[in-house]
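Read the numbers this way: they start at 1 and go in the same order the structure lists the ligands and their atoms. Numbering of residues begins at 1 and proceeds along the displayed sequence.
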Amino acid sequence: MQNLFVAGTETTSTIVEWAVAELIRHPDMLKRAQEEMDAVVGRDRLVSESDLPRLTFLNAVIKETFRLHPSTPLSLPRMASEECEVAGYRIPKGTELLVNVWGIARDPALWPDPLEFRPARFLPGGTHADVDVKGGDFGLIPFGAGRRICAGLSWGLRVVTVTAATLVHSFDWELPAGQTPDKLNMEEAFSLLLQRAVPLMVHPVPRLLPSAYQIA
Ligand code: HEM
């Protein structure tokens, strides 16, 4: 139970923080995500899980956030049970291996303009329209892949998407006086988790009808 708690809390909150930060840094994309949600959900209620399949742009934003800021940048350690060869390198039996999930998702051979935050690559007609984060596409494996893939993938992905959607739909975001979106600090702090070096400080301004915020 403790393992599930540890594995499932900061991984999800970190990626939501990155998604909101990327949208604040790109006001045109924040506007596009909000307009999509206004069209699908309206402004008289909160977004719900059943809305998610129709939020095409928001889902692309989440994938792009997982690509640039994967919660666990080096995945979890693996040990070679047999000697093997990978890409010409001999891996002795018993070697501990880490997969550089972060590096793979920034490989220019796989991702055009890899350092650009560009959700449109995942939209229909985009360069990576058919790629998802569920372990089938080795260029994007924020939940790992194979037999030991994240046990909470399905739940974690839904929690991340619905939480980010709620924040983006429900509020406009004001930066502290003197800060501008283009200067937002996006430095990463590497450890087991990939967190923001500087926590996101923003002021939420409600944008829905007041009745939408009342929880029954
Ligand atoms: C954004 C959310 C999450 C991310 C990015 C994430 C990422 C990962 C990654 C990369 C691994 C290692 C997979 C591998 O080695 O191939 C993993 C394992 C695991 N995750 Fe998650 N995780 C998330 C949410 C959750 C949640 C919500 C739970 C459960 C409540 C969970 C439970 C686990 C468990 C139990 C493992 C170990 C699986 C095993 O070794 O067989 N995770 N996760």
Check each atom of ligand 1 against the heavy atoms of [X] and keep those under 4.0 Å away; list them by number with element.
X: R78; value: 14 (C), 15 (O), 16 (O)
X: W155; value: 30 (C)
X: P142; value: 5 (C), 7 (C), 10 (C)
X: A145; value: 16 (O)
X: V160; value: 1 (C)
X: T72; value: 7 (C), 9 (C), 10 (C)
X: S71; value: 5 (C)
X: G144; value: 10 (C), 13 (C), 14 (C), 16 (O)

Would you kindly say whether D172 and Q34 are connected by a side-chain donor-acceptor distance under 3.5 Å?
yes
Does one hydrophobic cluster hold both L74 and I15, with members joined at side-chain heavy-atom distances below 4.5 Å?
no
I'd like to know if V16 and V162 are part of one continuous hydrophobic network [Ile/Leu/Val/Met/Phe/Trp/Tyr, side-chain heavy atoms within less than 4.5 Å].
yes
Which is closest to [atom] by heavy-atom distance: [options]?
atom: atom 42 (N) of ligand 1; options: S154, A151, C150; result: C150
atom: atom 2 (C) of ligand 1; options: L98, T12, V99; result: T12
atom: atom 13 (C) of ligand 1; options: R158, R147, R148; result: R148

Can you tell if the side chain of [X] reaches within under 4.5 Å of the side chain of [Y], non-hydrogen atoms only?
X: V61; Y: E64; value: no
X: I104; Y: F138; value: no
X: E188; Y: W18; value: yes

Expected output: side-chain E36 to main-chain F57 donor-acceptor under 3.5 Å
yes
Got more than 12 heavy atoms from elsewhere within 6.0 Å of CG, D130?
no
